[in-house]
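Just so it is clear, the structure is predicted and the values come from calculations on it, not from any experiment. Every chain is numbered from 1, with letters handed out A, B, ... down the list of sequences.
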Number of protein chains: 2
Amino acid sequence: MRQVTMGDVAKKCKLSVATVSRVYTDPEKVSPKNREKVYKAIQELNYQPNALARNLRKLQTNSILVIIPNIMNTFFSYILCAIQKVAFNSGYKVLLGDTDSSPEMEAKYLYYLQQKLVDGVILLYPRSNPEEIQKIAGEYPVVIVGQQAPESSIPFVINSNFLSSQTATEHMIKLGHRRIAHFSGRLSQPVSRERQKGFVFAMEANGLDVDKSLVCEGDFYFDSGHALALKLLSSAQPPSALVAASDEMAIGAIKAARKLGVRVPEDFAIIGFDDIKMASICEPALTTMAQPKEELARLSTEMLLSYIKGEPPHQNCVVLNDQLIIRESCGWALLNND
Amino acid sequence: MRQVTMGDVAKKCKLSVATVSRVYTDPEKVSPKNREKVYKAIQELNYQPNALARNLRKLQTNSILVIIPNIMNTFFSYILCAIQKVAFNSGYKVLLGDTDSSPEMEAKYLYYLQQKLVDGVILLYPRSNPEEIQKIAGEYPVVIVGQQAPESSIPFVINSNFLSSQTATEHMIKLGHRRIAHFSGRLSQPVSRERQKGFVFAMEANGLDVDKSLVCEGDFYFDSGHALALKLLSSAQPPSALVAASDEMAIGAIKAARKLGVRVPEDFAIIGFDDIKMASICEPALTTMAQPKEELARLSTEMLLSYIKGEPPHQNCVVLNDQLIIRESCGWALLNND
DNA sequence: TTGTAGGCGTTATCAT
DNA sequence: ATGATAACGCCTACAA
């Protein structure tokens, strides 16, 4: 069954394809009478314009690609969800590019731009090297979320990693902790280094020793937090508190503590990062630095869309502040309950 | 800056566009010497074929749309992730259609097919009415996951809801429970009705009364489970066990119990459905009916792709079995620990 | 093995 | 306000 085309509609109402086309692109320009005729024919033939032809003609797809390390993490899926909402409301479709944290996948997806498969890309927490990214982002609309593009003019939106990590650490120090551990993500990622630096800075600024054996490299995922905590808690001199660079690792640590009979927060206070859904639900509820997910998503999408449309951007680089959310795992309530 | 086209490549190596095109579609058909020339020119010009033009010419996009109620739920995001992997390996791109559980959104997304924006659709747990779906699915490749398409020939993949709900319920009965509650999803959805029926059937088959006040309609989400459990547990005759039709509701119930000082599983045994990530992490770990997520995703994608390619399908309707995963929340260990 | 040329379904320009 | 027509960039008979 051949597809219904504009030609068919035109023939049906004895008008030209140009007029039919105008009904879609600029209805004002066609007389009310003819407009009606066209609408009727469209209805009767159940016609829908072929997006492929339109895309080719206009050399654009009205869709964007979101490159994302792992949709299973609710932090990412939340952002993805928010991006899709903003994009949808602006008439843009969202292609999904889950990289499973692989730089190679990330690069493959970036090439969708060159193939004209999408009009722009939102790149969440990139893993591939800056040159690779710069090569594409220099020519096509790309906005990076969660990482500052060093020495390049790629627009980005990030949260205040250094500062927030510092805040989280100082929260623990204020609660009286001296031996504090830090679990970072892979240090190959700038985010991880930023958060680790914030931790070290806060410790030193408060005159505390940074025991190197307590500054551990994880990978942001649950399992790494679990394994690291098991090791530390069964060592000779276990820490009394943990600043984790992700909620997943923090929750992994909670589970590890429980397995060893270590009480959280009494014997081991924990603070996470991200505020994923599980953070408020797990037991004890996780104290964490909440990233402004909604804002991150909205701003990056708006920036990308105006970039695509060639509008002058209001802002190219945005740094958003995180928010400390005090729940149970840090032991704040133990001291402040009256 | 004009985009590089096949014409440019052709000119560069003094061959025709046809030859260049063949290098992509059927390299065997062009002489090794010329092939090299073309490769070189492609390299030098940094040429990438324009997917838009190719799509129009071939009237296909090599992409599929996944319509999904809510990516924030790890059950769905897991399936989405698995679908994307299978699709990617077959050269297909994945468009994301998060409906936020709205039938209207679902319908809008279905029309992407008519607009030729995608070659096929995987429809997860549809919420819109069957006629609406049938209208599109009758003409274009659609595979439904999680719901049987009644009186229509739309291919589908589901799990054994009735049977699994029965199994879950009987598990509770075997553990000695008599007053058992059931939380369903919205009864407008067939899945919900199936699971509820499975519960009722198991109760009656075992000669137990079904107290209507214990058979509650929720909406699959955390909050509904929380609210319902609060109500039931503070009633005059609280149940001693709960069969929840989703893990989210089950975990909501766990939190409610904790809030009221009711011990899980000692005073209130709970079993969930889905096996989301949080199920193994929450406290106590959730006993649940695990859906074969991987299989659901793989089979539906394979079915859709062969449907798109016009291959005769191996199977049109698949029913997969769930698996009972015993953890802590049902209290099995209390009886069987020796 | 290679080249020529028509067409995929729209949109946009230019006449009328 | 409307119509004829030339692109958009690629693929694929068909001819050479």
Side-chain angles (χ1 to χ4, degrees), chain A residues 1-39 41-42 45-63 91 111-119, chain B residues 1-39 41-42 45-63 91 111-119:
Chain A
M1 192 195 54
R2 214 184 100 269
Q3 109 156 266
V4 185
T5 78
M6 245 179 199
D8 300 326
V9 177
K11 205 178 295 170
K12 179 126 196 158
C13 45
K14 301 205 169 96
L15 289 164
S16 73
V17 286
T19 307
V20 178
S21 176
R22 271 191 286 263
V23 167
Y24 283 98
T25 55
D26 204 352
E28 302 300 305
K29 289 205 165 178
V30 31
S31 72
K33 206 172 56 184
N34 281 340
R35 218 184 303 158
E36 275 316 308
K37 272 209 271 186
V38 172
Y39 283 138
I42 286 172
L45 294 172
N46 190 24
Y47 167 77
Q48 283 261 355
N50 182 318
L52 297 169
R54 176 180 291 171
N55 289 349
L56 174 59
R57 180 55 233 242
K58 306 179 73 162
L59 289 180
Q60 57 170 40
T61 62
N62 278 295
S63 55
Y111 280 90
Y112 280 14
L113 279 168
Q114 259 193 19
Q115 300 168 229
K116 304 286 181 297
L117 276 166
V118 292
D119 298 341
Chain B
M1 191 195 56
R2 217 185 96 269
Q3 107 155 269
V4 185
T5 78
M6 245 179 197
D8 300 325
V9 178
K11 205 177 296 171
K12 179 124 194 160
C13 47
K14 301 203 168 102
L15 289 164
S16 73
V17 287
T19 308
V20 178
S21 175
R22 272 190 284 261
V23 167
Y24 282 99
T25 55
D26 205 350
E28 303 299 305
K29 288 204 165 179
V30 30
S31 73
K33 205 173 53 183
N34 283 340
R35 217 184 303 160
E36 275 318 307
K37 274 209 271 186
V38 172
Y39 283 138
I42 286 172
L45 294 173
N46 191 22
Y47 167 77
Q48 283 260 355
N50 183 317
L52 266 39
R54 180 180 285 171
N55 288 349
L56 174 59
R57 176 57 230 243
K58 306 181 73 162
L59 290 181
Q60 57 171 38
T61 62
N62 278 296
S63 57
Y111 279 90
Y112 279 14
L113 279 167
Q114 259 193 19
Q115 301 168 229
K116 304 286 181 299
L117 276 166
V118 292
D119 298 341

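- If B:K29 and A:G7 are placed on DNA chain C by their nearest nucleotide, the residue sitting closer to the 5' end is B:K29.
- For the pair B:Q3 CD and D:dA7 C1', the computed distance is 14 Å after rounding to whole Å.
- Toward the 5′ end of DNA chain D lies the nearest nucleotide of A:E28, the other residue of the pair A:A18 and A:E28 mapping further downstream.
- Between A:Q60 atom CD and C:dA12 atom P there is a gap of 9 Å when expressed in whole angstrom units.
- Counting to the nearest Å, the P atom of D:dG9 and the CG atom of B:L56 are 12 Å from each other.
- In this structure, of D:dT5, C:dG9, D:dT12, it is C:dG9 that holds the atom nearest to the side chain of A:T5.
- Using a 4.0 Å heavy-atom cutoff across all strands shown, B:L15 reaches sugar-phosphate atoms only and no base atom.
- Here the side chains of A:M6 and A:Y24 are in contact, with some heavy-atom distance below 4.5 Å.
- Computed from coordinates, the A:K11 NZ to D:dG3 P distance equals 15 Å when rounded to whole Å.
- The two residues B:K116 and A:L52 have their closest heavy-atom pair at O-CG, 3.6 Å.
- What separates CD of B:Q114 from C1' of C:dT10 is a distance of 17 Å, to the nearest Å.
- Atom pair B:D8:CG and D:dC10:P shows a separation of 9 Å (rounding to whole Å applied).
- Neither OP1 nor OP2 of C:dT4 sits under 4.0 Å from any side-chain N or O of B:S16.
- In this structure, A:S31 reaches the sugar-phosphate backbone alone: every heavy-atom distance under 4.0 Å involves primed, P, OP1 or OP2 atoms, never a base.
- Contact check, B:Y47 against D:dC10: a side-chain N or O comes under 4.0 Å of OP1 or OP2.
- Here the side chain of B:A53 is nearest to one of C:dC8, D:dC8, D:dC10, namely D:dC10.
- Out of D:dC8, D:dG3, D:dG9, the shortest distance to the side chain of A:R57 is found at D:dC8.
- Among the nucleotides D:dC10, D:dT5, C:dG9, the one closest to any side-chain atom of B:M6 is D:dC10.
- Between B:R35 and B:V23 the shortest heavy-atom distance is CG-CG2, 4.3 Å.
- Between A:T19 and A:V30, the closest heavy-atom pair is CG2-CG2, 3.9 Å.
- Regarding contacts with the backbone of C:dG3, a side-chain N or O of B:T19 is found under 4.0 angstrom from either OP1 or OP2.
- In plain terms, the two heavy atoms of A:V118 and A:T61 that are nearest each other are CA-OG1, 3.5 Å.
- Taking atom CG of B:D26 as the reference point, atom P of C:dG3 lies 16 Å away to the nearest angstrom.
- At whole-Å resolution of the value, OH in A:Y24 and C1' in C:dT10 are 12 Å apart.
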